[in-house]
There are 2 protein chains.
Amino acid sequence: MSSNAYDCGSVKPLSELFKLLAEPNRLKILCSLGLECRPVSDVVEATGLSQTNVSFHLRLLREAHLVRAERRGPFVYYCLYDPNLLAILDQMRKWLEAHEATMGEESIRRAK
Amino acid sequence: MSSNAYDCGSVKPLSELFKLLAEPNRLKILCSLGLECRPVSDVVEATGLSQTNVSFHLRLLREAHLVRAERRGPFVYYCLYDPNLLAILDQMRKWLEAHEATMGEESIRRAK
DNA sequence: ACCGCACATGAGTAGTAACGCATATGACTG
DNA sequence: CAGTCATATGCGTTACTACTCATGTGCGGT
């Protein structure tokens, strides 16, 4: 068949991951967690979002197993399930920057 | 301040990229393009989507400079702007699979 | 110039997701 | 065990996005 079609298998799981990462506030939350575990209140302060909103997003991230929650006394600490996620995000950003740089040149060639 | 907070800089561009990739059909389209250039009709056939729908998504991808369009006779050929995108997608999928495998073990430990 | 093919676009609709408000839960303190 | 602090959840609203239908546009052949 078409020689060079990529094996896209089931795109569902991948697209669901992207959907989670597509929300700016969720990205902020993930980044604000960094490599450590932090209580919700820290995330609220770091992101400037409402507590309700942070909890809302944290639930989605938790259900997707991107973050993990554990109680410590009255606090609930959240941390990344897999620290590699940050590395991946970083790599994506680098790709984006390089890509956008290329786009800059491109807009010149665009004449006609 | 908070020692280990990741530099999230502006999450906007990154989240917009993710948003584009979060649509299953858009992912299918990108994968069906593979490393070659293909006319829209090929993509329609490969994905099983309506022509209108494919054009709709291709427009978004084009405006984001993820794909490029060029006319060849009566056809319009689309190709990935940066083939590395496929490599990135592949890497993401591998991460996901490894991650989900870990989750499997995790659900055992979950017993209170 | 007309017609047909490949593709693009505009309008309208339906489904979904984010957010705020109010309230519930769960843990510690007196 | 009443009260308070940290966090979670249900509900209602609003905004966005994918999709379809109908139609427009550009190219090639006759």
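Computation of the quantities below employed the complete heavy-atom set of this structure, encompassing side-chain atoms and omitting hydrogens, waters and symmetry-equivalent molecules. In what follows, every chain begins at residue 1, and chains take the letters A, B, ... in the order their sequences are listed.
Put simply, B:Y78 has a side-chain N or O that comes within less than 4.0 Å of OP1 or OP2 on C:dA8.
For the atom pair CG of B:L33 and NZ of B:K28, the computed distance is 14.0 Å after rounding to the nearest 0.5 Å.
The side chain to side chain contact (heavy atoms under 4.5 Å, CB included) check on A:P74 picks up nothing, with sequence neighbours excluded. Considering only residues two or more places apart in sequence or on other chains, A:F75 meets the ring pair (Phe, Tyr, Trp, His ring centres under 6.0 Å) condition with none of them. By the side chain to side chain contact (heavy atoms under 4.5 Å, CB included) test, A:S15 is found to be paired with A:K12, B:P24, B:L27, residues two or more places apart in sequence or in another chain being considered. Remark: B:A98 pairs with no residue by the side chain to side chain contact (heavy atoms under 4.5 Å, CB included) rule, at least two apart or across chains.
Closest to the A:E23 side chain, of the nucleotides D:dA6, C:dA18, C:dC7, is C:dA18. Among the nucleotides C:dG20, C:dC7, D:dT7, the one closest to the side chain of A:V76 is D:dT7.
Of the listed residues (A:R68, A:R62, A:E70), just one forms a side-chain contact (heavy atoms from CB on, under 4.5 Å) with A:Y78, and that residue is A:R62.
Less than 4.0 Å separates DNA chain C from at least one heavy atom of each of the following residues of residues 52-62 of chain A: A:T52, A:N53, A:F56, A:H57, A:L60.
Computed from coordinates, the A:E70 CD to D:dT7 P distance equals 13 Å when rounded to whole Å.
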>> Can you build the contact string for nucleotides 24-30 of chain D? Use B for base contact, S for sugar-phosphate-only contact, and - for no protein heavy atom under 4.0 Å.
In response: ---SS--
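The base of D:dA6 has none of its N or O atoms less than 3.5 Å from a complementary donor or acceptor on the side chain of A:Q51.
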